[in-house]
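Take a look at the structure set out below.
Numbers restart at 1 for each chain; the letters A, B, ... are given by sequence-line order, proteins then strands.
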Amino acid sequence: MLRFYLLDTSYEVLGKTPVVLIWAIKDDGTPILIKDDSFRPYFYALLEDNADAEEVAGRVKSLSRAASPIISVEVVSRKYYGKPVKALKITTQIPEYVRTYREEVKSLKGVKEVLEADIRFAMRYIIDKDLSPCTWYEVEAEGPFKDEKYRVEEVYRVSNPVYKPLPEKKFPPKLKILAFDTEVYNPAGAPRSDKDPVIIVSLMNSKGEIKLLTASEGPKGDLELLKEFKDYVLTYDPDIIVGYNTSGFDWPYLLERSKILGVKLDVGRVKNAPPRTSAYGHISVPGRLNVDLYDFAEELYEVKIKSLDEVADYLGVMKKSERTHVPWYEIYRYWDDPKKRETLLKYARDDVVSTMGLADKFLPFAMQLSSLTGLPLDQVGAASVGFRLEWYLIRAAYKSKELVPNRVERPYEPYKGAIVLEPIKGVHENVAVLDFSSMYPNLMIKYNIGPDTFVTGECSDDECHIIPGLGYKFRKEPPGFFKSVLQTLLTLRKKVKEEMKAYPPDSPEYRLLNERQKALKVLANASYGYMGWVGARWYFREGAEAVTALGRATIMQAIRIAKSLGLKVIYGDTDSLFVSYDKSKVEEFIRRIEKELGLEIKIDKVYRRVFFTEAKKRYVGLTEDGRIDIVGFEAVRGDWTDIAKEVQEEVAKIVLSTGGTRDAIEYVRNVIKELRSGKIPIEKLIIWKSITRRLEEYSVDAPHVAAARRLQKMGIKVDVGSKVGYVVVKGSGNISSRAYPYMMVKPSDVDVEYYVKHQILPAALRILSYFGVTEKQLEVAGKGMRTLMDFMKKK
DNA sequence: GCGGCGCTACTACCT
DNA sequence: ACAGGTAGTAGCGCCGCG
C-alpha cells in the first residue's frame, strides 16, 4: 500500500490514452508521481421526458467516429434538481473528445441538455475518486519506477484505483516551500519587458536559507539570472512556490523575459512544460503548487492598501518600522547608484522574508479550504468565494447522484434585501449587541430553501413553508440540496469546534482545527449570496429573495419580542440588534428567540457607551475593556486621508470617554494649525482610491481618475483594481485638475486649505456637530486667508 | 460668467 | 466573478441673474 499526501492532479495523453498524474508526497517528504491510465472522461445527456433512452443512446453511439471514438453510452439513473431522471453517460476516449461531441449530442432529438461536459478531466478524477487535495490517502500501486520525463525520483502506477482516506493523519508532511520575489529595472515607470531586465530575484526556502540572485550590467544582464533562478528551483525542488502578486506580475514578467532571452523557464516537475496561465488566472507550475499569497491578502478587508509591507505589518510578520523601504518608482535609481544598491538588496531580502512569513499565516487556512472544496491549493486562492462554494457543491452533488447544472448567462435580476433600522441618534449607555448566529444559512435550513424544493403548484401550509410577503412555497420534506449541504457544513463545524476544546490554543492541533472551522464557516456563509449570484450554476433568485424576506420577518419579530420585554431597541442591521443591556431581560430575550423562532441569537459585545448620528451603518462604541470601535465612519475608510482619520478617531475617543467636547475642539484646532504650518507630512495627506475600470471608460473626470491619467502619462500602467494615491495641490479649477500622484507633489505645493475644509473639518464635525460644535468653533484663521488668496490668484 | 441646486457617478463601507 | 442597503464626495448640467 502506498501512503501519500495529495498535492494536485493533472493529466497527459499518451497516444490515445489519457493518463491521470497524481502529484503527491510520501510520509518522509519524498515527492512522487502516481499514474492512473484506467480513468476515462465522460459527460451526460439529459433526456426529454418522453424520449426512449435506448433509442437516443443508439443515436449517440452512431455519432462516434473511428478517429475519435465514443467508448460507451450507458443509460443511467440520476437526479436533477432533486427529481429522478434518466440520463445517458457518454464516455469518450480522451478529454478532447468530450468537447468534440457535446454540441452534436445536444442537438440530437430526445436530448434536453448536455451536462457536466465542462468539468475538467483532472478535477473529474478527484471528484469521482472522492479525493481531496491536502489530504492523506492509501492506494494499491506498483513501483517505484524511474521515468526521465518527470523530475521526481519515484513514479508509481495505480493497480487498484480505490483510495482509502487516512483521517488520523491530520498534518501535512514536511513540505518544501520556496518563496520568491523579483525586482525589475524600471527607468520608464512601468517596466517594459522588451527592454528592462529583471535585476534581483530573492529566494527563501523553508529551511530558512535566503539567496539573492542579481543581474549583471546591461539590458540583457538577466540572462544568467534567469538560468540561476531555474537551477535554484530545480535543485531545491519545492513542493510549494509562494510569492506576492506573482500571478499579476512576477511570473508573467519572468516568462516574457525568458522568451525574449531564449531561456526555457522549465521549472516544473514535468520536463519541457513551462509555467502557464490556468484556471482562475493563476499560473500553474506542473507538479508543484504555485500559490499567489496576494489572493489571500485581498480578503483582509481591514488592510486598505494591500502592498506586501502593509500586509506583513498587519499580520505581525514584519513590522514596517523594521524593514527597508524603497519606493517602487525608484527601484532603478537604487540599482544604478552603487551607494544605494545595498539598500535595494536589503529591500529584496525583506520582501522575500515577508512573503515566507505570509505563507506561514495563510497556507494553513488555504490547505483546509483546499481539502474541503477539492480545489488544489494553487487554485483555491485564485478562485472567488462563489467558485469555492460551487466546487464544494459539485462534490456534494456527485455523492448524491445529482447532476450538476450548467453555467448559463442570465440577466441580472435585483431583489429586496435586508432591513436596516433607523438608529436612535445620540449617546447610549450600556448597550448589548445581539447577533443571530449564521442567520441566512439557518433560515435556508429551517425553511428548506433551494431550487429543488420550490413548489409552483398548489401546496398547503401543512406541506409547504409559505414565505411571508412573497407567497413563494417550499416543500418541508424531504430536505433539499442546499439544506443537506448546509446541515453538513454546520454540524461539521460544530464538531471541529468541539474537538478544538481538547487542545491548548497554542497547539498545532488547535490551530489546524481552527483554520478548518474558519473554512467551513466561509463556505456556509457564502450559500445565500451564491444562490442570488447570476453566475452560479445553482442560481435561484426566488430562493435568495425568500431568504431576505424571512430575514426581515425574523428581525421584526425579534424587535417585537425585545420591546415586549421592555428592552429599548437602539439600532439593528440585517441580523443584529442593539438593545439596552438589562442582563436578565436580555437573557430572557435570548431564550424566547430560541423558543419562538427556533434560531440562536447571541450577545456579540456590550458597549459601555455607543454613539450614533442619524446615519445608518455608522457608529462609535466604547467597549467594556475601554477600546473604541469605529464602524462605518471615515476613520475606517481607505479613501480618506490618514490625518482626517486620525482626527476623527481621536475626537471620537475624547467625546466618548470624557463626554465633553472641549478637549476635542482644542485638539482639532491644533491639528489644523499644524497642517497650516506645514508640519503634517505628505504621507498623511494622500487620498487612496481604487481604479475599477479602464480609464477611458469613466464617464466623469473624478480626482482619482485624473491622477491615474497623470500616472499613465509618466509611463506607469494603471490596471483595473490598482489603487491610486493622490494629493490635492494649490491652484485654480476643480479638484480633479489639481489631483496629482503623491510622488509628484512637493510639500510646498499642497493645497492645505483643501485638507482643512474637505478632510479634517468634515471628519471631525461628523461626530462633533451632534454635540452642537460648529465649523466656526474649529476654524480660527482659515476663511479670511483663503478668500484673500483666491482674490489674489484671480487678479 | 458664476454660484446654487439637483442629479449622477463613483467608492467604500455594513451585515 | 457571493447578495443588497447605505453614506458620502465630486463632477456636471442647468437655471437664474437686469
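- Atom pair Leu421(A):CG and dT15(B):P shows a separation of 12 Å (rounding to whole Å applied).
- In this model, the phosphate group of dC2(C) is approached by a side-chain N or O of Ser384(A) to a distance below 4.0 Å at OP1 or OP2.
- Residue contacts for Ser736(A): at a heavy-atom cut-off of 4.0 Å it reaches the sugar-phosphate backbone alone, with no base atom in range.
- Taking atom CZ of residue Arg709(A) and atom C1' of nucleotide dG11(C), one finds them 13 Å apart after rounding to whole Å.
- Here the side chain of Val636(A) is nearest to one of dA3(C), dT11(B), dC13(B), namely dC13(B).
- The Ser699(A) side chain lies nearest to dA9(B) when the options are dA9(B), dA12(B), dC14(B).
- Side-chain proximity of Arg637(A) to dG4(C), dC13(B), dT15(B): nearest is dC13(B).
- If you measure from atom OH of Tyr571(A) to atom C1' of dA7(C), you get 11 Å, rounded to the nearest angstrom.
- The cationic group of Arg710(A) lies under 6.0 Å from the six-membered ring centre of Tyr740(A) and within 45° of the ring axis, placing it in a cation-pi geometry.
- Checking the phosphate oxygens (OP1, OP2) of dG11(C), no side-chain nitrogen or oxygen of Arg738(A) falls inside 4.0 Å.
- If you check every strand for non-hydrogen atoms under 4.0 Å, Tyr440(A) touches nothing.
- Of the candidate nucleotides dT11(B), dG11(C), dC14(B), dT11(B) has the atom lying nearest to any side-chain atom of Thr692(A).
- Between the CD1 atom of Ile555(A) and the P atom of dG4(C) there is a distance of 19 Å, rounded to whole Å.
- Place Val420(A) and Gly529(A) on DNA chain C by their nearest nucleotides, and Gly529(A) ends up nearer the 5' end.
- Of the candidate nucleotides dG8(C), dA3(C), dC14(B), dC14(B) has the atom nearest to the side chain of Asp573(A).
- The phosphate of dT9(C) (OP1 or OP2) has no side-chain N or O of His758(A) nearer than 4.0 angstrom.
- Per the geometry, CD belonging to Glu302(A) stands 13 Å off P belonging to dT15(B), to the nearest Å.
- Ring-centre distance between Phe611(A) and Tyr770(A): below the 6.0 Å cut-off.
- One interatomic measurement links the two molecules: NZ of Lys617(A) to C1' of dT15(B), which rounds to 5 Å at whole-angstrom precision.
- Residue contacts for Phe633(A): at a heavy-atom cut-off of 4.0 Å it reaches no nucleic acid atom on any strand shown.
- Between Tyr619(A) and dC13(B) there is no side-chain N or O to OP1 or OP2 distance below 4.0 Å.
- As judged by a 4.0 angstrom heavy-atom cut-off over every strand, Arg388(A) is placed among residues making no nucleic acid contact.
- Between dG11(C), dG4(C), dC10(B), one nucleotide has an atom nearer to the side chain of Tyr415(A) than all others, and that is dG4(C).
- You'll find that the side chain of Ala615(A) is closest to dG8(C), out of dG8(C), dC14(B), dC2(C).
- Between Tyr530(A) and Trp538(A), the ring-plane angle classifies as tilted under the 30° and 60° cut-offs.
- Taking atom NZ of residue Lys304(A) and atom P of nucleotide dC14(B), one finds them 7 Å apart after rounding to whole Å.
- In this model, the phosphate group of dT9(C) is approached by a side-chain N or O of Arg766(A) to a distance below 4.0 Å at OP1 or OP2.
- In this structure, Ala526(A) reaches the bases: a heavy-atom distance under 4.0 Å links it to at least one base atom across the strands shown.
- Contact annotation for Val631(A): backbone-only contact, meaning every heavy-atom pair under 4.0 Å involves sugar-phosphate atoms and none involves a base.
- Ring orientation note: the planes of Tyr472(A) and Phe474(A) are nearly perpendicular, at an angle over 60° on the 30°/60° scale.
- Among the nucleotides dG11(C), dT9(C), dC2(C), the one closest to any side-chain atom of Val385(A) is dC2(C).
- As judged by a 4.0 angstrom heavy-atom cut-off over every strand, Arg693(A) is placed among residues touching the sugar-phosphate backbone only.
- Note on Tyr698(A): every side-chain N or O is 4.0 Å or more away from OP1 and OP2 of dC12(C).
- Residue Gly638(A) is in sugar-phosphate contact alone, with no base atom involved, counting any heavy-atom pair closer than 4.0 Å across all strands shown.
- Between Phe387(A) and Thr373(A) the shortest side-chain heavy-atom distance does not fall below 4.5 Å.
- Relative ring orientation between Phe578(A) and Phe612(A) is described as perpendicular, the plane-to-plane angle rising above 60° on a 0-90° scale split at 30° and 60°.
- Figure legend: cation-pi geometry between Arg693(A) and Tyr698(A), with NZ or CZ positioned under 6.0 Å from the six-membered ring centre and within 45° of its axis.
- In this structure, Arg694(A) pairs ionically with Glu697(A), as a charged nitrogen and a carboxylate oxygen lie closer than 4.0 Å.
- Only the P atoms considered, dA1(C) is 15 Å distant from dC10(B), to the nearest whole Å.
- With dA1(C), dT15(B), dG11(C) as the candidates, the nucleotide lying closest to the side chain of Val700(A) is dG11(C).
- If you check every strand for non-hydrogen atoms under 4.0 Å, Trp640(A) touches sugar and phosphate atoms only.
- Comparing dT11(B), dT9(C), dC2(C) against the side chain of Pro762(A) picks out dT9(C) as the nearest.
- Rounded to an integer number of Å, the gap from CG of Asp575(A) to P of dT15(B) is 9 Å.
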